[in-house]
2 protein chains.
Amino acid sequence: MTDAPILQDITVCGSEDEAEIESLHNALIDTPTANRLAEIFKALSDPSRLRLISLLMEHEVCVHSLEMAVGMSQSAISHQLRYLRQLNLVRFRKEGRHVYYALDDDHVRELFAQGLLHVEHG
Amino acid sequence: MTDAPILQDITVCGSEDEAEIESLHNALIDTPTANRLAEIFKALSDPSRLRLISLLMEHEVCVHSLEMAVGMSQSAISHQLRYLRQLNLVRFRKEGRHVYYALDDDHVRELFAQGLLHVEHG
DNA sequence: ATAACATATGAATATATGTTCATGGATAGA
DNA sequence: TCTATCCATGAACATATATTCATATGTTAT
C-alpha cells in the first residue's frame with residue numbers, strides 16, 4: 001500500500017478528461033482521515049457494542065444493569081466498555097460499588113441514531 | 001450470549017424505579033436490528049474501504065482508476081469491491097474490459113458524509 | 001472479620017478479516 | 001493469432017477481534 005498514490009497519472013478509464021481526474025483527486029480522503037473515520041465506525045461495527053450503546057443512548061447505566069439487560073457476560077461487557085473508554089466514546093462515574101457508564105461522544109450518538117433510522121424502516 | 005434477556009428482572013442499580021426499567025427495555029435494540037446495523041457500520045470500518053467509497057461518492061469509477069487513485073493492489077481492491085457488492089452497497093456495470101462501480105446505498109452515503117463532517121472539523 | 005456483591009483485567013482461544021500471491025477469464029489491439 | 005490489458009477469485013497467511021475463564025480489587029452488609 002503506497003502511502004502517496006501518484007494522482008497525476010490517473011486516467012479515468014477511456015477518457016483523459018482533466019475534470020474527471022480532478023474529481024477523483026478531490027474525492028479521495030487522506031490516510032489519517034480514513035483512519036479516524038474507520039476508528040469511529042469500527043466502534044459501531046459489532047452487535048454487542050451496539051446493544052450496549054443503545055442502552056446508553058438515553059442516560060447513564062451501571063454495568064450490572066447492562067448485564068441484566070443485554071444478556072452478555074459481565075466480563076464481555078467490561079471488555080467492551082474498556083474498548084469504548086479507550087476511544088473516549090463513553091465516560092464513567094463510580095458510586096459505591098457501582099460504576100455508571102454514559103455515552104460521551106455526540107458523533108457516535110448521531111451516527112447510531114441515523115443508522116438505526118435507516119435500518120428500521122428499510 | 002442469551003438471545004432473550006430477561007427484561008422484567010432489570011434493576012437500575014440502586015433504584016427499582018419502574019420508569020427506569022421501562023426506559024432500558026425500550027432503548028435496547030433487538031438482535032436482528034443490531035446485526036443489520038453492525039453489518040452496515042462494518043462496511044465503513046476499514047480505511048481501505050473508506051478510501052474506495054470516498055472515490056465512489058460522486059460518480060461511478062472503473063476498477064483501474066480506483067487502483068491508480070488509492071494505491072492499493074488490484075487484487076485487494078477487487079476483494080473489497082466484492083465485499084461491498086455482496087452487501088448490495090455498490091453496483092457495477094461492464095463496458096468492454098472495464099467494470100464501473102458506483103455506490104448503490106444512500107444509507108452508507110449519508111453515514112459516510114456525516115462521519116466525515118464530524119471527523120474533519122473535530 | 002467474613003461473606004457477598006460489583007467491576008476490572010490478563011491470558012487463552014477461536015474466529016474473522018485484509019492482504020498478497022498465483023492464476024484464470026474476458027476483451028481490445030497489433 | 002498473439003499479446004497486453006482489465007478484472008475476478010481461491011488459497012495462504014498474518015493480524016485483529018470477541019469471548020470465556022480465572023482471578024484480582026474494592027465496596028457493602030452482616
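Keep in mind that what you see is a predicted model, and the values were worked out from it rather than measured. Chain A is the first sequence line, chain B the second, and so forth, proteins listed ahead of strands; every chain is numbered from 1.
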Whole-Å distance, A:L81 CG to C:dA6 C1', equals 13 Å
With sugar-phosphate meaning primed atoms plus P, OP1 and OP2, does B:F92 contact a base, only sugar-phosphate, or nothing at under 4.0 Å between heavy atoms?
nothing
In whole angstroms, the gap separating C1' of D:dA24 from CZ of A:R82 amounts to 14 Å
Interatomic distance, CD@B:E39 vs CG@B:L89, rounded to 0.5 Å, equals 8.0 Å
Next on the checklist: Counting only side-chain nitrogens and oxygens, does B:S73 get under 4.0 Å of the OP1 or OP2 atom of C:dT19?
Outcome noted: no
From CG of B:L44 across to P of C:dT17 the rounded distance in Å is 14 Å
Nearest heavy-atom contact between B:L55 and B:V61 is O-CG2, 3.5 Å
Looking at A:Y83, I'd like to know if the NZ or CZ of A:R49 sits under 6.0 Å from its six-membered ring centre while staying within 45 degrees of the ring's axis.
yes
When rounded to whole Å, the CZ to P distance for the pair B:R93 and D:dC6 reads 16 Å
Between CG of B:L52 and P of D:dC7 the distance, given in whole Å, is 13 Å
Rounded to whole Å, the OH-P distance (B:Y100 to D:dA8) equals 13 Å
Measure distances between side-chain N and O atoms of A:H79 and base N and O atoms of D:dT20, and say whether any donor-acceptor pair falls under 3.5 Å. yes
Of A:Y83 and B:A76, the one whose closest nucleotide on DNA chain D sits nearer the 5' end is B:A76
- Message: Tell me if a side-chain donor or acceptor on B:H121 pairs with a main-chain N or O of B:L117 at a distance below 3.5 Å.
- Response: yes
Considering only heavy side-chain atoms of B:M72, the closest of C:dA8, D:dA8, C:dT19 is C:dT19
C:dT9 phosphate, OP1 or OP2: any side-chain N/O from A:R85 under 4.0 angstrom?
-> yes
Atom CG of B:D46 and atom C1' of D:dT17 are separated, to the nearest Å, by 14 Å
Yes or no on side-chain contact (heavy atoms from CB on, under 4.5 Å) for B:L111 and B:L44, after CA distance, side-chain angles and deciding distance?
CA-CA 9 Å; B:L111 288 174; B:L44 296 166; 3.9 Å; yes
Does a nitrogen or oxygen in the side chain of A:R97 sit under 4.0 Å from OP1 or OP2 of D:dA29?
-> no
Would you say C:dA6 has OP1 or OP2 under 4.0 Å from some side-chain N or O of A:Y101? no
- [ ] Test for a donor-acceptor pair under 3.5 Å between the base of D:dA8 and the side chain of B:Q74, counting only N and O atoms.
- [x] yes
B:L66 atom CG is separated from D:dC7 atom P, nearest whole Å, by 8 Å
Closest of D:dT19, D:dT20, C:dT20 to the A:S75 side chain is D:dT20
Picking from C:dT7, C:dT9, C:dT17, the nucleotide nearest the side-chain atoms of B:K42 would be C:dT17
Ring centroids of B:H98 and D:dC7 base under 5.5 Å with planes under 30°: no
Which of C:dT19, C:dT7, D:dG10 is nearest the side chain of A:H64? It is C:dT7
Scanning both residues in full, the closest heavy-atom pair of B:E58 with A:S23 reads OE1-OG, 2.7 Å
